[in-house]
Structures are given as C-alpha cells and as structure tokens.
Amino acid sequence: MSVSFGLSTKVSPRRHVLDLDDFGPEELDNVLTLADAMAEVLSRPIKRVPTLRGRTVVTLFYEPSTRTRVSFELAAKALSADVVSLAAQTSSAAKGESLANTLRTLQALGADLLVMRHPQAGAPYLAAQEVDMGIINAGDGAHAHPTQALLDIYTIRQHREQIGGLKVVIVGDILHSRVARSNLWGLSALGAQVVLCGPPTMIPTAWNAALNPSEGGCARPWEGAPPVAVEFSLDRALEGADVVMPLRLQRERQEGGLLPSLREYARLYQVNAQRLSRAKPDCLVMHPGPMNEGIEISPEVAHGPHSVVEEQVRHGVAVRMALLYLLLEGQS
Amino acid sequence: MTLRQAQGPAALLVRHARIVDPAQGLDEVGDLWLESGQVRGIVLAGRLLGMLPPAGIPTLDAGGLMVAPGFIDLHCHLREPGFEEKETIATGTRAAARGGFTTICAMPNTRPAMDSAATVEFVREKARMDGLVRVLPIGAVTKGQVGEELAEMGELAEAGVVGFSDDGRPVASSRLMRHALEYSRLFGLPVIDHCEDLSLAHGGAMNEGAVSARLGLRGMPAAAEEIVVARDLVLLALTGGRLHIAHVSTRGSVELVRRAKAQGLPVTAEVTPHHLTLTEDWVLGPPEGRGRGLSSVAYDTNAKVNPPLRTQADIEALLEGLRDGTIDAIATDHAPHDLVSKQCEFGEAAFGISGLETALGALLGLVQAGRLDLSLLIAKLTAEPARLLGKPWGTLQVGTAADIVIIDPEAEWVVDPAQFASLGKNTPLAGQRLRGRVVGTLYGGRVIYQVPKIE
C-alpha cells in the first residue's frame, strides 16, 4: 500500500538538497506542507508508513552530531527506508580514502540517497559531481545547513501565520555559521526581514554595509539577493523582534583572536530575559543546538516561555521526512 | 620533441606576415628572413631592415597572420626536481612552446629548492637535454625557502640565476627581506617577492569578499597582499637594490607601486593573465552555469590560486596599471598540479592555475573587447620582460635570436586541458571558447610548435 502526499505539481523535481539558495517560495511552501503531513504520521501510535520501503538511505558524517544524525535516521525509518549510518572516523576515510571514492563505494553498495555532513564548505557539491545518487547536505563547513533552516522556518510557521514581514534576529558568530546562511536565504525568500547581529569580527566584511556602500544601509550578498541587515548592538537588534535565534558560540573563537573572552561575549551578546524585554511580547526564542547555556543564551530563556527549542528538534524529523520523500518519491 | 631534435632549416623566410614588434614600433605586413638562429632581415613595404634575403631559401607562408617576438615568461613553475607528477622540464617547456613562450623563468620552489648551484645546474642541464625553449633559473632568497637564512646568492648568481625568490611564500621577516635586498645589490639581481601577510591570509582559500561570504569559505583579504607590498617598498627605499613584485592582484597594490615609481624607487611589477581576466565569481563555476542557487560545479578548485582571483574593480586597476607602466610585464605564474591535488574539497585543494597554453587566448579577449591595446599587450609579453631581464630578446630586431610566435588572432578554439602538453590540466577555462591562438612557435629559427593542419 503506498501512501501519497499532496504535492504541488508546479514545482519540478530536484535531485539534491544542498542549500536553500535555490528554493523559491513555492517550493519552500511545498516542503512545509509536506512536513505537516509527515508530522501527522509522527503523531500516530505507530510512527511508520511504507512509502520508502526498499530504498536505502546512507548517512555519512565527517563531524560529530546528535540531533541531525538521529533525526535523519528516525525520518528514514518512519518512511520504512533502510538506513546505514557511517561516522567517518570509523570508516576507511580514516585510512585516507577520498570523499569521492567513499561516495562511489556507497553508491556501488546500493545506496539510493546520501545524507552527508562535512567540515569543508563545498564538499556536497563535489559529491554531486562524483555520484548519481541524491544528496542531502546535513552541513558543510560554514556554508549551509538547509535542513536546519527548513525546520526553523517550519517551527516559526507553527506560531505565526506568515513568515513575510517578520523580524528575525540571528545572533552570534555569523561568519562561521552555516545555520545563519541557510536561514538567511530561506527566510528572505519568504519575505522575512533578517537581521544579523554579532561582534564586527564575526560578521563577513562583505555584508557590513558600512564598509560596502549600497542601498539603504543593507548589503546584498550577491546580485539579485535579498538585502542583509547587520547590527552590532544586540539591544538595538532586538527592538520589536518576532524571532531571535542565538547561535552556539564555539570556544575556539576566543583562541582565534576573534573575541577577548567568552565572558565578554556573554556580557554583550547573551540572549537573556532583560534583553528579551525589548522584543515583541510573543517573541520566539530558537536555537539550532547544542546550547552553551550561560554563554549565548541564559538558562532561564533557554527553558522559558519564549523558547521553542524542543519543538525545533521534534519538527526536524518531520521536515527531514518531507525531504527524503521529495528526493526519493517526488520524482514521479 | 626536444630542442636538440627540433627540425628546421638553417635559413627560413617567413612571408606575408603581419609583423608586430613593439620594441621597434612595428606593426606592418612584411617578410622576415631568419638564418643561423638569428633575424637577418625584415622586408617591409617600402623599406628594408637588415639584409635582403637571398633567393631559393625555404619559405614559411604566414598567410597574413601575426608574427611577434617569442614571449618571455618571468614567472613559471616547472616543478622539477621533486614534483614530477605535476610537471617536468620537458612537459613544461612543451607547454611553453604551445603558448608561444620561447623564454621562461623557472621559480625555485622545487624539491630540493633551487638554493644551491647544484640544483640550479641540474635544472639548467635538464633544460639543455629535455627542454624545448630557453629556461632561465630563479634562485631562492633563503635556504630551503623557509625564510630563516639567506641562500648563497653569490653562488646562485654565478650559476646563472636571473633573480631571487621564495615564491609560493613571502619573505615574512622584514629584517630578512631587508638583508636580502641589501645583499642582492652585490649581484645586480632583483628580489622577487610573493607579497602575502601570512597571519592575515592564514587558512584562506579565496579572495575575502562577497563570494567567500556566500560560500562560507575563509577569505584572503586584499590587505594581506598590500601590507607586504607596502613593507617591501619601504624597505627598498632604505636599502636600494631591485625589487620585483610578483603577481600583483589588487587595486591597492597597483596604487602603492605607482606611487613608489613616481618617487623613483627601483621597483618593477608583473601581473598574470588570470588576474587580468577572471574574477572571484569563477569559484562559482564558469559564467554559463551560474544561476539562482549554486550549481554543482561551484567550489571550482581550478579557480583556486594564490593570490586569489579578485574583483572587477581590481581588474580595472590592473589594466590601468598596465597602460600607465606601473605594471611592467605580464607573467603567467604557470602552476601545474596533478589531479589528486585538485580533485578534492576546496579547502584542501592546492593553489594554482596551469596557464602557459591559455595565456594568449585569454589576453586577446581583452584586446577584442577594446580594454587593452594589442601593441601594449605584445610589449608586456616581449620587450618589457626582456628589459627587466636585461637581455636582448623579446624583439625581432635584426641580429637578435630568431625566437618567434605566429598568431592567428581570429581562430576560435575551445580550451581542452586533455590536449595540453602541460601535465597540469588545472584551468578554470576548461570548455571555454577563446578567440585567438598561437599557431606556430620558432626558437632559434627552428619550428618547435605548430598547430596540426587538420583540427
């Protein structure tokens, strides 16, 4: 028995999900609608449909992960696909096998779709050139994390009718953040006003409008791209915010000279209750996880009434199910 | 084919050629008489330079095509000894011949580095045995090119190097660069610096700018180059000596060199064909593939080079620098790599573009677009590099070596790295259609390359 999900036929099938920068608003809506249907499956006592039975999904993670990897595994299993998970350090990659050869081997072993996370930006694009199977990017260096952005958008949609017109503030090490980039493309495509907030050492110089004179105080990441607003002051950024998304601060940034100390970062940029009072009363607080409580987010906000962090994690499975379906079944 | 095997008559008459020789201010149709490896006479409409060619000698009909002095490349990586999987002197000089270059300067970042007479002699001997064109060695500035102690410049000068460089790396220590400039004055040879502040550029894979921000790649800011250019110029004022700035790539660097020249400092500079024609956008893949999102050919490692491809504003400044003499010469920085070094993640890939065989085609695009004068272009590839070397080449003046390139400026061709003589197939121009190509190259009057008749 095959289960079909209502899919818009206006959107042409895609082979990969490498980033959100090539998703138009219709396709984003499509995925979110599909995720609704998947969420319904996950609400049943038996969280399983046979849709992808007989298909093999391989996850290949060159970086550690809890939520993303488990989320993909559960998503694949909920659709009855076979899942094999590879951590690179226990695979032959540890013997020096190249990414390309690893992928070709997995394809030869019968993988239908690959979910990969890699520390080097661009690795999934190299992968897409080397093999025929579909690829979902679970994070490539500082470049993209499309499934995170999709579940973030999906979560916002549960609380707000429209993404368009919302003020979404992303706070932290924007320079090194794939979550910030993918959210920027996805949210802007749906008409949100995205504000990037962090210390100047952590904002790409090209997006700092003050250094690159362009329209209305915003820089455009590339020709035809939506404008990016940058704000160094967290207090100013949070004025009237609908959503605030602090990013995990990596401790290595202090060693890299980008910050004098984590203490100072917390004093200037921690999302806490006092700062949050400047945002809208029903402002959502999100976090891609894992959280450094006490650094980028205070414990009270992390677990407080504004926080939807646990919802995000839950929605991650539904959104990833939607993508697996789209890439493996959506071709017909 | 090596030079020793190159076929050719002792005398040759090149007829019906459009002779372009900026050193003599020539751009007119005529015949060129070559004999015993030298230019003996040029017959132009209405005047004769040198001697009249005798009757009955072998003739090459240039059919109206352009004939210019063989190009001189001040900056080239032949990889031998040590990295023969990337290139050898044999394959590199064949690539040079295909590109119209009859004299190339070999950078010393071999293994072992060219920091001793022994290695320099090895390269010279290999070039004599296996090479197809004239190879001039460049010696290292520091022992092993590790930037700690000066190499024995005296020994290197005696061995015939034409300059000193640690290219691939800067001379990071200002104190050491000062000493290198001072000491090199003994030999009248330039110190050629690869200007890069390693602490700023550290870990960078491409230009720091809009594309690196989008791609999530660490960038190398223009400032990293400009800081060391500025430092070198300040040191030059202190020490005297000769400074040559390798592969200038930014607007700021051009301005610094311009000001220094205006102050009379003995600095010269070169620029590569890729920095004159390609922007950082090429990391996204070739223009036809760029759409709304990143195509699967984004993160093209063939566009990964040091210094990196920059912006259109930098290109404009570099072209202006060529026009007003701030930049003296065009040099390819031919940097061949094996496939394994390039077919990997962008951050891991080696830096470098294999450029000898596409240089002319890419540069003629600038002439066709009206951005660069043909005569200026040819001068920057011939007379100007010769002037910097202090050698009598780069011209078709009567009595000079018969090093000649024959160019068809209209011939359209598609860049196919599989056809390269170079072992380095790493070019972002793969598959691109260029207009203008080298159809024949002569070295010492002998044909060392000609395009196959049937394409």
Peer 1: Which region of A:H118, side chain (C-beta onward) or backbone (N, CA, C, O), has a non-hydrogen atom less than 4.5 Å from a non-hydrogen atom of chain B, or is it both or neither?
Peer 2: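 Side chain of A:H118 only, per the 4.5 Å heavy-atom cut-off to chain B.
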Peer 1: Quick one: does any side-chain atom of A:R181 pair with a main-chain N or O of B:A213 as donor and acceptor, under 3.5 Å?
Peer 2: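 Judged by distance alone, yes, a pair lies under 3.5 Å.
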Peer 1: With a 4.5 angstrom heavy-atom cut-off, which part of B:E345 approaches chain A: side chain, backbone, both or neither?
Peer 2: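 B:E345 touches chain A through backbone and side-chain heavy atoms alike.
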Peer 1: Given a strict heavy-atom distance threshold of 4.5 Å, which part of B:S295 is in contact with chain A: side chain, backbone, both, or neither?
Peer 2: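 Just the backbone, heavy atoms under 4.5 Å.
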Peer 1: Quick one: does A:Q120's side chain have a donor or acceptor within less than 3.5 Å of a partner on B:F346's backbone?
Peer 2: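 Side chain of A:Q120 to backbone of B:F346: no pair is present.
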Peer 1: Name the orientation class of the two ring planes belonging to A:H143 and B:Y299 (parallel below 30°, tilted from 30 to 60°, perpendicular beyond 60°).
Peer 2: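 Perpendicular: the ring planes of A:H143 and B:Y299 meet at over 60°.
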Peer 1: Which residue out of B:A210, B:G219, B:P221 racks up the most heavy-atom pairs below 4.5 Å with chain A?
Peer 2: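 Most pairs with chain A among the choices: B:A210.
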Peer 1: First locate atom CG of A:L126, then atom SG of B:C344, and finally report the distance between them rounded to the nearest 0.5 Å.
Peer 2: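 Answer rounded to 0.5 Å: 7.5 Å.
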Peer 1: If you count heavy-atom pairs within less than 4.5 Å of chain A, which of B:T301, B:V297, B:V340 leads?
Peer 2: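 Greatest number of close heavy-atom pairs with chain A: B:V297.
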Peer 1: Donor-acceptor pair, A:D21 side chain versus B:L294 backbone, under 3.5 Å?
Peer 2: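 Checking the backbone N and O of B:L294 against the side chain of A:D21, a donor-acceptor pair under 3.5 Å is found.
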Peer 1: Which distance, rounded to the nearest 0.5 Å, do you find between the CG of B:D300 and the OH of A:Y125?
Peer 2: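 Going from the CG atom of B:D300 to the OH atom of A:Y125 covers 14.5 Å.
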Peer 1: Which one wins on heavy-atom pair count under 4.5 Å against chain B: A:S98, A:A142, A:A121?
Peer 2: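 When all of A:S98, A:A142, A:A121 are compared, A:A121 has the most.
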